[in-house]
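Here's the structure, in structure tokens; my notes come after.
Just so you know, ligand 1 is whichever comes first in the structure, and atom 1 is the first atom listed for that ligand.
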Amino acid sequence: MARINPSILAADFVNMERDLARIATADLVHVDVMDNHFVPNLTFGPQMVERIQAVSAIPLDVHLMIDDPDRWAPGYAELGAYSVTFHAEAAADPVALARRLRSIGARAGIALKPGTDVQPYLDLLTEFDQVLVMTVEPGFGGQSFMPETMPKLRRLADEARRRGSSVWLQVDGGIGESTIAQAAAAGADTFVAGSAVFGAGDPANAIAGLRAAAAAAHVH
Ligand code: DX5
Ligand code: ZN
């Protein structure tokens with residue numbers, strides 16, 4: 001089953017409640033937290049995420065693009081986020097942090113930038129509920145999908161299958177109706193889409209289109 005998680009980075013920040021209502025058919029709401037240090041861009045922090053959580057009908061998939069997630073990520077689990085994903089490149093102790101997130105009751109995710117090798121994490125798959133393979137350089141919406149990240153995804157999918165792991169494999173960046181099939185065929189089951197959903201006239205229709213395109217790719 002393909003999960004479609006619209007990224008509210010592409011929503012209207014002053015009409016967030018209205019835009020959340022437009023994606024009621026999504027699986028999770030993808031929430032991009034950026035700190036202007038780990039990435040050059042800046043979005044919002046825990047106060048905003050707490051309000052989004054309070055008004056959203058669907059659970060939150062928080063993607064932390066921040067330095068020192070060891071210190072800050074648990075707060076997002078504590079405010080009730082369903083899933084909290086931090087970057088491998090930023091965490092001092094990814095396994096300890098994932099265990100902490102799980103102990104608070106969130107799903108724990110680890111994200112890899114396009115240039116980050118997956119090898120060191122293959123033996124640690126049981127520690128995570130989700131691995132996020134970035135398909136663009138993190139920081140901005142509306143960038144082009146990087147097909148060169150697909151071998152990494154395939155490697156993770158093979159390894160997860162071999163180990164009987166139920167880890168979710170998420171892709172984020174440049175996902176739209178023309179790219180989602182490649183990612184699905186390479187083993188992704190969870191798809192983040194910002195501009196492809198909120199840039200469409202009818203976000204619900206865009207979600208349905210992405211779902212159908214991902215499902216079609218899995219069949220072949
Ligand atoms: C980028 C963010 C993405 C972004 C994706 O750093 O992590 O979640 O919103 O936007 P699109 O789908 O427009 O590439
Ligand atoms: Zn993201």
Heavy atoms only: give me the nearest [X]-[Y] pair and the separation to one decimal.
| X | Y | result |
| --- | --- | --- |
| A193 | L210 | CB-CD1, 3.8 Å |
| A77 | L101 | CB-CD2, 3.9 Å |
| T149 | M134 | CG2-O, 3.5 Å |

Going by the order shown, which atoms of ligand 1 are within less than 4.0 Å of some heavy atom of [X]?
| X | result |
| --- | --- |
| V192 | 8 (O) |
| G139 | 1 (C), 6 (O) |
| P138 | 6 (O) |
| H63 | 7 (O) |
| S195 | 11 (P), 12 (O), 13 (O) |
| G173 | 14 (O) |
| H30 | 8 (O) |
| M65 | 6 (O), 7 (O) |

What is the distance from atom [atom1] of [X] to atom [atom2] of [Y], rounded to the nearest 0.5 Å?
| X | Y | atom1 | atom2 | result |
| --- | --- | --- | --- | --- |
| F38 | D67 | CZ | CG | 7.5 Å |
| N205 | R22 | CG | CZ | 13.5 Å |
| R100 | R102 | CZ | CZ | 15.5 Å |

**Prompt:** Please walk me through it: do D32 and T43 pass side chain to side chain donor-acceptor pair (under 3.5 Å)?
**Reply:** CA-CA 7 Å; D32 288 307; T43 55; over 6 Å; no
**Request:** Measure the distances from the heavy atoms of A196 to every atom of ligand 1 and state whether one is below 4.0 angstrom.
**Result:** no
**Request:** Determine whether any heavy atom of G142 lies closer than 4.0 Å to an atom of ligand 1.
**Result:** yes
**Complete:** Among N, O or S atoms, H30 approaches the Zn ion (ligand 2) most closely through NE2
**Asked** So which of the N, O or S atoms of D32 lies nearest the Zn ion (ligand 2)?
**Response** OD1
Among all the protein's non-hydrogen atoms, which is closest to [atom], and how far away is it?
| atom | value |
| --- | --- |
| atom 14 (O) of ligand 1 | G174 N, 2.8 Å |
| atom 10 (O) of ligand 1 | G141 CA, 3.5 Å |
| atom 12 (O) of ligand 1 | G194 N, 2.8 Å |
| atom 1 (C) of ligand 1 | F140 O, 3.5 Å |
| atom 9 (O) of ligand 1 | S7 OG, 2.8 Å |

**Request:** Would you mind telling me which of V192, L132, V84 makes a side-chain contact (heavy atoms from CB on, under 4.5 Å) with H63?
**Result:** L132
**Request:** Run through N5, D61, L60 and flag the one making a side-chain contact (heavy atoms from CB on, under 4.5 Å) with V29.
**Result:** L60
**Asked** Does the side chain to side chain donor-acceptor pair (under 3.5 Å) test come out yes or no for D12 and N15, once each step is laid out?
**Response** CA-CA 5 Å; D12 179 345; N15 287 293; 2.9 Å; yes
**Trace of the side chain to side chain donor-acceptor pair (under 3.5 Å) decision for T85 with Q130** = CA-CA 8 Å; T85 297; Q130 165 167 291; 3.1 Å; yes
**Complete:** D172 OD2 to H63 ND1 via the Zn ion (ligand 2), rounded to 10°, gives 90°
**Asked** Could you walk me through whether S83 and R107 pass the side chain to side chain donor-acceptor pair (under 3.5 Å) check?
**Response** CA-CA 4 Å; S83 173; R107 289 174 61 90; 5.0 Å; no
**Request:** From atom 8 (O) of ligand 1, work out which of L132, D172, V39, T43 has a heavy atom at the shortest distance.
**Result:** D172
**Message:** Please work out, at 4.0 Å between heavy atoms, whether the side chain, the backbone, both, or neither of A193 comes within that distance of ligand 1.
**Reply:** backbone
